[in-house]
Each structure stands twice: as C-alpha cells, then as structure tokens.
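Position 1 is the first residue of the sequence, and the numbers go up from there. The structure presented is a predicted model; accordingly, all values stated were derived computationally and were not measured.
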Amino acid sequence: MNTTAGEQLQEHRLTLFTVTRDLYKDGRLSKADLKLLGEASAIKVHPLVFLADKGFEDYANLGKPLDMETLLAWLAERTGQPVYRIDPLKINVAAIAEVMSQAFAERHRILAVEVAADEVVIASCEPYVHSWEKNLEHVLRKRIRRVLADPREIIRHTGEFYSMAVSVQGARGQNKGNALASVGNLEQMLEIGAKGEPDANDQHIVKIVDWLLGYAFEQRASDIHIEPRRTISHVRFRIDGVLHNVYQLPAQVGAAVSSRIKILGRMDLAEKRRPQDGRLKTRSPGGDEVELRLSTLPTAFGEKLVMRIFDPDVLQRSFEQLGLADEDLARWSDITGMGNGIVLVTGPTGSGKTTTLYSTLRQLATSDVNVCTIEDPIEMVEESFNQMQVHHAIDLDFSAGVRALMRQDPDIIMIGEIRDLETANMAIQAALTGHLVLSTLHTNDSPSSVSRLLELGAPAYLIRATLRGVMSQRLVRILCPACKTYEPTDLNAWEQLVHPFKLEPPQRMARPVGCKECRETGYSGRQGIYEVLVNTPEVEQLIVPHLEVAAVREAAMAQGMMTLRMSGAARVARGETSIEEVMRVAPMVDS
C-alpha cells in the first residue's frame with residue numbers, strides 16, 4: 001500500500017504510534033498487539049528497532065515475525081524508497097565523509113553510501129523527513145537518491161566511518177611535507193624514512209590500526225594487505241579466499257600504519273630494503289586471543305605489508321569440520337597411522353595445508369610419543385609438540401633442522417616444506433630409520449608430487465620404500481544456507497567439471513544468491529576438497545625414473561582415489577557449493 005500525496009507532504013519522524021497504526025491499517029499487526037503497543041511507555045530507540053526486538057507476529061504472514069528485514073520491506077513499499085543493505089566493503093569511506101559533516105548526518109539520521117559523478121545515494125531511517133534534501137543538493141550540486149536502511153546500521157557505520165576519516169585526516173595533518181613529491185628515482189623512494197610520514201605512535205595512527213584489526217576480525221578476514229602506490233596505499237582483506245578493497249589511505253599514512261604494525265611485531269623499523277617476518281598477538285572484539293603473522297616486502301613505492309590472521313578456533317577444528325570425512329578421512333588416518341614413512345600434503349598457499357598438518361599432529365601427539373617440527377615460520381605455537389623455526393642468517397635451514405631433530409629422539413617429525421634435494425634426502429633418511437615424517441610440497445595434485453620428488457633428484461627406489469601417501473587439497477567457499485536456491489543441473493557445466501571422467505549428474509544443484517547473512521556474496525565460510533593418494537603396490541610399481549603422472553593417477557583412482565574436481569563435484573551434488581567455485585580452485589585433469 002503506497003502512501004498518499006498528503007502523507008508525503010506532511011513531514012514527520014517515525015514514532016511508535018504512527019508505525020503501529022500504519023502496520024495495523026495494512027493488516028500486518030493484530031488488534032491485540034496494537035492495543036498492547038498502545039500501552040507502551042515512551043521508547044528511547046527508533047520504533048523499527050523496538051518492534052524488531054519485540055518480535056511480534058506478522059499478521060499477514062502467520063508464523064513469521066516482524067523482524068527488521070520485514071519491517072524495512074513494508075516501509076519501502078509504503079514510501080517508494082528501496083531498501084539498502086550497507087556493506088562496508090563496498091563503501092568508499094573517504095568519499096562519503098566529504099559529502100556532509102558528521103553532525104549533519106547524525107542530526108538527520110542519514111548516511112551517504114554511494115558517491116558518483118552526478119548522484120549521491122543517501123541512506124535514511126526517516127523516510128518522511130525531507131528538509132535536508134534541498135540544502136544538500138545545493139551544496140553538492142548533485143542529484144540525491146534516497147534509500148532506506150536499518151537504523152542500527154546507520155548509527156553504527158556513521159560513527160565508524162567518520163571516526164576513521166577523522167583519524168586519517170588527523171594523521172595526514174601531522175605530515176607537513178610530501179616526501180614522495182621530491183622523489184626522483186626508485187632508490188630515493190625506498191630510502192624515505194620516518195621523516196616523510198606521520199609518527200607511527202601518533203594517536204591517529206594507533207586508532208587506524210585498531211580499526212583495521214577490529215574490522216578484519218568482524219569481516220572474518222584471513223589476511224590484511226597494505227599495498228603502497230605512488231600517492232595512496234590500498235588496504236585489502238582476503239575473505240573466504242577472495243580479496244576485497246576496504247580503504248585507500250594517503251601514501252604517508254599507509255607507510256605510518258605499516259611502521260606502527262612493525263613496531264607491534266618487534267620488527268626492524270629502520271630496515272625497509274629487505275623482506276622481514278614478524279608476529280604479534282592481539283585480542284578480537286569478543287575477547288579471544290588472536291595471533292597474526294606479519295610479512296613485509298620492499299616494492300617500488302614502499303613496503304608492502306601482509307598480516308595473516310590465525311584464528312585459533314580453525315586450528316582446533318576436527319577433520320569433519322574441515323570437510324575431510326568418510327573414505328578420504330579413513331585413507332588419511334591409515335597412512336598417518338603407519339608409524340613410519342613420509343606423508344605429504346600439497347596445494348598452493350592458502351589452501352589449508354597448515355591447518356591439516358596441525359590437526360593431524362594434534363591427534364598423533366599423545367603422551368607416549370615425541371613430536372618435533374621445523375617450520376618457516378612457526379605458524380601457530382602449539383603446546384603439545386616441540387617447534388623449531390628456520391633461521392637462514394645462522395644457516396639453520398630445513399635440512400639442518402631435520403639433522404638436528406634426528407638427535408632429539410623423535411617419533412614424529414614435521415617439516416614445513418620440502419624445497420630442495422637436501423631436505424628431501426633428510427626426510428627420506430628419517431623415514432628409513434623408523435620415523436613418521438609429515439611435510440608439504442607445492443604441486444597441483446597428488447600424483448604430481450611423486451614426479452616433483454623425482455625432479456628434485458630423490459632416487460625412485462627410495463621414494464617407493466618411504467612414501468606412504470599424498471593428500472592434495474583446496475578450499476572451496478560453501479554456499480550460504482540462508483539464501484542459496486536450487487535449479488535444474490546444467491549438464492554442459494557438469495560435464496566440464498568432471499571431464500575427462502564420467503560421473504552421474506544430480507537432478508538439481510544449488511547456486512549463490514546473496515543476502516545480509518553472507519554480505520551479498522552468496523557464500524559463507526570455506527571447507528576442503530581432498531585428493532588422497534595411497535602408495536599401494538599398484539602405484540608403487542609405477543614409481544620409476546621416467547614416471548608418467550597420468551599412469552599413477554589412473555592406478556590410484558582404481559584403488560579408490562577421487563580427484564579434486566570429483567571431490568568438488570560430490571559437494572556440488574550435495575548442494576554445498578557451486579560448479580563455478582569448484583572450477584575456480586580445482587585444477588583440470590589432463591585427459
């Protein structure tokens with residue numbers, strides 16, 4: 001039901017009386033509830049927030065509550081103003097802060113959410129208040145398009161966005177000169193010191209860092225990237241494996257933020273010409289302790305900083321929670337339970353190898369075994385086993401570390417990564433002397449790992465004797481259960497997914513839609529897809545100097561191995577993810 005012209009002209013703020021009256025008129029509120037609300041005393045919150053918290057039944061849709069989403073949709077129909085979900089990842093905070101002052105925004109309960117060349121989109125929770133429109137249009141010289149938004153989101157994001165903008169402007173004001181303006185070449189650019197940027201301990205910089213960390217925890221980010229360019233620094237978050245632009249800082253402010261984080265990570269603040277690693281511990285908004293691994297990289301415009309966030313809850317998850325279950329879990333348990341030999345986990349950076357190894361070691365690290373690791377760097381400090389970090393400055397690399405660990409009476413050894421022949425030989429020697437060795441390798445799939453060991457120079461007969469199995473893995477985004485929908489299976493897409501193999505297609509498959517719960521992405525969280533190769537006698541006889549990867553794959557599949565794409569296809573058939581997502585992360589198998 002649309003509002004009348006008379007109602008449009010009559011400017012007023014929403015009150016509990018007017019909202020409940022209109023809900024009753026539209027058949028959305030029962031007479032009993034209307035009477036009950038009529039007896040309510042004066043409320044101190046927005047009427048939509050009050051009603052949403054009370055959870056009255058939607059009289060037009062019995063069994064469903066009048067939640068905020070329902071109330072906004074009803075109000076949008078009455079006023080002709082569409083509902084807008086504020087997604088901080090899609091908002092240019094610096095641009096919207098320049099549209100109006102914070103005082104103006106708070107006074108009228110509005111917030112700019114999009115700024116274009118000829119239009120500004122303004123979110124409001126007071127659709128019948130128009131007095132501010134003409135003044136703002138006159139100042140901006142742009143058309144204003146109004147949308148409705150959750151009052152709680154408007155209040156919250158107004159405070160956060162303006163606080164961040166004020167901190168950036170304040171930090172920028174500390175820098176009286178523009179260091180980059182006088183840069184003549186790359187060498188000068190790399191030598192810009194703290195004098196060309198705000199003080200890393202300035203209160204504004206501290207606030208920016210605190211905001212970035214808190215915001216990253218809230219958005220479930222796994223990595224924070226601060227990337228310097230000529231005049232600005234990009235801040236990006238990796239969420240569910242995909243990078244999102246979050247903020248653009250002035251170049252000097254971005255450099256000061258990086259310096260502040262380096263101080264917290266006890267890194268060399270003066271050294272900006274070589275890569276550095278560090279780590280810091282902080283607490284999430286919920287009070288949980290969170291560890292971050294820091295890495296810097298010198299680039300043409302300054303230091304690029306990446307912070308990897310290690311959620312302790314992720315490393316504590318069971319195999320079933322990680323997505324490793326049924327036959328794959330049984331095969332993995334078999335090869336890691338043999339007590340000796342080499343077990344490899346393969347996949348690109350960020351595919352969950354560390355989580356799998358830690359979860360495995362945690363199960364194996366009982367009181368009657370000695371578990372030792374050599375890592376670069378130590379990803380997560382774990383009390384149940386002994387961890388050593390690679391230190392190249394003192395010639396403590398993986399091979400030297402394994403040699404030292406062998407004198408520590410270990411039962412199980414974990415090597416962070418096999419990168420060269422010397423490390424591979426040390427792993428083989430440890431396996432031959434009765435130790436269980438777990439490690440990682442960077443290859444596309446499990447059969448390619450055997451070929452990779454041969455390429456490094458490891459003898460085929462020793463690989464046959466020591467290799468127990470290989471697991472390749474990827475992380476796929478899981479469809480949001482709140483909004484995913486089903487449609488008939490696209491047979492062409494299914495055939496492309498499982499090619500060159502034949503697999504019976506499901507009658508229907510799920511696809512992403514996007515909602516408030518998943519921040520309009522259609523996905524929420526990630527789980528693994530796995531390819532577990534067991535070194536059976538049939539596979540073992542194919543490990544020869546001139547190995548054929550296709551032959552090893554065929555033999556392994558005959559023994560029950562599923563390829564990564566077939567594992568992903570099983571998830572598609574169960575409605576857990578989409579074909580596009582599996583094809584994005586899982587490599588194609590050569591026919």
Side-chain angles (χ1 to χ4, degrees), residues 330-347 353 356-357 360-361 363-365 369-375 385 388 397-473 530-549 551-553 555-556 559-561:
R331 293 157 69 84
W332 179 248
S333 298
D334 286 344
I335 60 178
T336 55
M338 290 184 179
N340 63 76
I342 298 175
V343 178
L344 299 175
V345 181
T346 78
K353 300 188 301 296
T356 298
L357 283 177
T360 303
L361 287 175
Q363 287 197 354
L364 297 174
V369 296
N370 177 20
V371 179
C372 300
T373 75
I374 172 75
E375 304 172 61
F385 37 88
M388 176 168 62
D397 54 17
F398 281 119
S399 57
V402 176
R403 195 176 291 112
L405 290 180
M406 290 290 287
R407 296 191 287 269
Q408 289 288 312
D409 186 31
D411 296 291
I412 301 170
I413 298 172
M414 192 271 273
I415 306 171
E417 183 184 349
I418 294 178
R419 299 174 180 171
D420 50 44
L421 177 60
E422 190 175 4
T423 306
N425 283 336
M426 290 304 304
I428 288 170
Q429 292 303 316
L432 287 172
T433 51
H435 302 90
L436 177 63
V437 180
L438 286 83
S439 188
T440 68
L441 207 60
H442 283 285
T443 59
N444 265 341
D445 56 16
S446 298
S448 300
S449 301
V450 185
S451 176
R452 175 66 177 150
L453 289 174
L454 290 168
E455 289 170 3
L456 287 175
Y461 72 94
L462 289 179
I463 297 174
R464 286 198 299 269
T466 57
L467 186 66
R468 295 290 173 258
V470 184
M471 182 164 74
S472 183
Q473 67 180 79
Y530 302 92
E531 178 180 277
V532 186
L533 181 151
V534 179
N535 191 17
T536 60
E538 291 79 7
V539 172
E540 190 177 304
Q541 66 182 3
L542 297 173
I543 303 177
V544 293
H546 300 289
L547 172 141
E548 291 186 10
V549 173
V552 172
R553 182 182 296 110
Q559 301 298 310
M561 183 188 84

First locate atom [atom1] of [X], then atom [atom2] of [Y], and finally report the distance between them rounded to the nearest 0.5 Å.
X    : Y    : atom1 : atom2 : result
L533 : L467 : CG    : CG    : 7.5 Å
L357 : S439 : CG    : OG    : 7.5 Å
M388 : I413 : CE    : CD1   : 9.5 Å

Quiz prompt | Chi angles and distances behind the side-chain contact (heavy atoms from CB on, under 4.5 Å) call for L405, I415 | solution = CA-CA 10 Å; L405 290 180; I415 306 171; over 6 Å; no
Practice problem: List for me each residue that meets salt bridge (charged side-chain N to carboxylate O under 4.0 Å, His left out) alongside D445, sequence neighbours excluded, and say none if there are none. | Solution: R553
Quiz prompt | Reference residue L453; test side chain to side chain contact (heavy atoms under 4.5 Å, CB included); the match among L462, T443, I463 | solution =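 Going through L462, T443, I463 one by one, the side chain to side chain contact (heavy atoms under 4.5 Å, CB included) with L453 is satisfied by I463 alone.
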Quiz item: Taking it one step at a time, do D334 and V534 satisfy side-chain contact (heavy atoms from CB on, under 4.5 Å)?
Solution: CA-CA 9 Å; D334 286 344; V534 179; over 6 Å; no
Is a side-chain N or O of [X] found less than 3.5 angstrom from the main chain of [Y], in a donor-acceptor match?
X    : Y    : value
T440 : G416 : yes
D411 : N370 : yes
H442 : G347 : yes
S446 : E531 : yes

Quiz prompt | Donor-acceptor pair between N340 and R468 side chains, under 3.5 angstrom | solution = yes
Which pair of non-hydrogen atoms, one from [X] and one from [Y], has the smallest distance, and what is that distance?
X    : Y    : value
V371 : F385 : O-CB, 3.3 Å
Y530 : T356 : CE2-OG1, 4.4 Å
I342 : A431 : CG1-CB, 3.7 Å
I418 : L441 : O-CD1, 3.2 Å
S449 : T346 : OG-CG2, 2.9 Å
L421 : L456 : CB-O, 3.2 Å

Quiz prompt | side-chain contact (heavy atoms from CB on, under 4.5 Å) between T433 and M406, intermediate numbers included | solution = CA-CA 10 Å; T433 51; M406 290 290 287; 3.4 Å; yes
Quiz item: Under 4.5 Å between any side-chain heavy atoms of P410 and H435, yes or no?
Solution: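 The answer is yes, as the side chains (C-beta and beyond) meet within the 4.5 Å cut-off.
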Quiz item: Any side-chain heavy-atom pair from L364 and L436 closer than 4.5 angstrom?
Solution: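 Yes, side chains in contact.
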Practice problem: Report the C-alpha separation of M426 and V437 in whole Å, then their side-chain angles, then the decisive distance to 0.1 Å, and conclude whether the side-chain contact (heavy atoms from CB on, under 4.5 Å) test is met. | Solution: CA-CA 10 Å; M426 290 304 304; V437 180; over 6 Å; no
Quiz prompt | Any pair counted as salt bridge (charged side-chain N to carboxylate O under 4.0 Å, His left out), so long as it reaches residues 426-442, sequence neighbours left out | solution = none
Quiz item: Could you give all pairs that pass the salt bridge (charged side-chain N to carboxylate O under 4.0 Å, His left out) test and reach residues 413-423, with sequence neighbours left out?
Solution: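 Passing the test, one end in residues 413-423: D376-R419, R403-E422, E417-R419.
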Can you name the residues that form a side-chain contact (heavy atoms from CB on, under 4.5 Å) with [X], not counting sequence neighbours?
X    : result
Q429 : L432
Q559 : T536, E538
A404 : R407

